[in-house]
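Everything below concerns the one structure shown next.
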Amino acid sequence: MRKNIVAGNWKMNKTFQEAEELIDRIVVGMEDTSLKCELIICPPALYLEVASDYAEESRLSVGAQNVSEHEKGAYTGEISAPMLDSVDVEYCIVGHSERRKYHGETNAQLAKKTDLLLDYGIRPIFCCGEVLEEREKAIQFNVVKKQITESLFHLSADEFSNLVIAYEPVWAIGTGKTATPEQAQEMHAFIRNLISEKYGKNIADEVSILYGGSCNPGNAKTLFSNPDVDGGLIGGASLKADDFLKIAQSF
Ligand code: PGA
């Protein structure tokens, strides 16, 4: 179901105590706020169980930042979809550009991760987006199309309707450079159209497409006011409860 979503990607930040404090502040802040969006936090894996405990008692939702492409077995250091499911994780980021860049994740691997998550009832937040050089060459649409086609278009329409897509132009991530509202809308409309061509308009209209890349309390409202931008995947600004909640109040 298409809904407004604000998801916080904490990346590799916060100690256990700091994480608990931040979750607590977000949950307390949510109690006094009427939000027109679903609020998700994606803390490091070590803190997911605590986050889920908080989520059980509040409107907060919890997502992981990554999952193994394997279901179980001898994969030292990895965390599987059934493990995430066993601590009530509802969402999982797939294919963040940092995973693609630093861990060499390929479209084929991301397809496997997506399948496993869906098998365990966890909703993938699938990230796509071009690097600066690709935008300068004006091939950003082809890049995003390839990422989505190769990792997701083997899914059935039913499966696809459980996805959340996050468009994150890599040049905007952690750089303070945001896509203009026009650039975001243009790509989001392109993505929705791509989905529509493959799965039909009904499914395309149901999928939430989030924008990510230096989104903050100052620019969230303009970005989210675009018809095809259904919220944001927030990095840096999700590490402060006040900023994160302000972004969530931008609808
Ligand atoms: P940023 O990160 O908001 O710090 O740019 C976004 C992301 O990587 O998801």
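When a ligand or atom number is given, it counts from 1 through the structure's own listing order. Nothing here was measured: the structure is a model prediction, and the numbers come from that model.
Remark: Lys11 engages Glu98 in a salt bridge, criterion side-chain N to carboxylate O under 4.0 Å.
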Full working for side chain to side chain donor-acceptor pair (under 3.5 Å) between Tyr167 and Glu130: CA-CA 9 Å; Tyr167 168 57; Glu130 79 285 357; 2.8 Å; yes
Stepwise salt bridge (charged side-chain N to carboxylate O under 4.0 Å, His left out) check, Asp230 with Lys3: CA-CA 7 Å; Asp230 306 307; Lys3 53 183 166 186; over 6 Å; no
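Contacts between Ala172 and ligand 1, counted as non-hydrogen atom pairs separated by less than 4.0 Å, involve the backbone only. Of the heavy atoms in Ile173, both backbone and side-chain atoms come closer than 4.0 Å to ligand 1.
For the pair Gly236 and ligand 1, the shortest N or O to N or O distance falls below 3.5 Å. Taking any N or O of Gly174, backbone or side chain, at least one lies under 3.5 Å from an N or O belonging to ligand 1. Checking only distances, Gly235 does come within under 3.5 Å of ligand 1, N or O to N or O. Considering backbone and side-chain atoms together, Glu98 places no N or O closer than 3.5 Å to any N or O of ligand 1. The distance criterion of under 3.5 Å between nitrogen or oxygen atoms is met by Ser214 with respect to ligand 1.
Taking every heavy atom of His96 and a limit of under 4.0 angstrom, the matching atoms of ligand 1 come to 7 (C), 8 (O), 9 (O). Atoms of ligand 1 lying under 4.0 Å from at least one heavy atom of Gly213, given by number and element, are 5 (O). Applying the 4.0 Å criterion to heavy atoms of Asn9 picks out, from ligand 1, the atoms 9 (O).
Of the N and O atoms on the side chains of Ser80 and Glu71, not one donor lies less than 3.5 Å from an acceptor on the other residue.
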Side-chain donor-acceptor distances from residues 103-110 under 3.5 Å, at least two apart:
unit_1 : atom_1 : unit_2 : atom_2 : d
Glu105 : OE2    : Arg99  : NE     : 2.9
Glu105 : OE2    : Arg99  : NH2    : 3.4
Glu105 : OE2    : Lys113 : NZ     : 2.7
Thr106 : OG1    : Gln109 : N      : 3.1
Thr106 : OG1    : Gln109 : OE1    : 3.4
Asn107 : OD1    : Arg100 : NH1    : 3.0
Asn107 : ND2    : Glu150 : OE1    : 3.0
Gln109 : OE1    : Thr106 : N      : 2.9
Gln109 : NE2    : Glu69  : OE1    : 2.9

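For Gly232, the heavy-atom gap to ligand 1 stays at 4.0 angstrom or more.
Shortest contact from atom 7 (C) of ligand 1 to any protein heavy atom: Glu168 OE2, 3.2 Å.
Tyr199 and Phe153 have their aromatic ring centers within a separation under 6.0 angstrom.
Under the salt bridge (charged side-chain N to carboxylate O under 4.0 Å, His left out) criterion, Lys246 pairs with no residue at all, not counting sequence neighbours.
Shown are Leu116, Asn162, Asp85; of these, the side chain to side chain contact (heavy atoms under 4.5 Å, CB included) with Ile122 is made only by Asp85.
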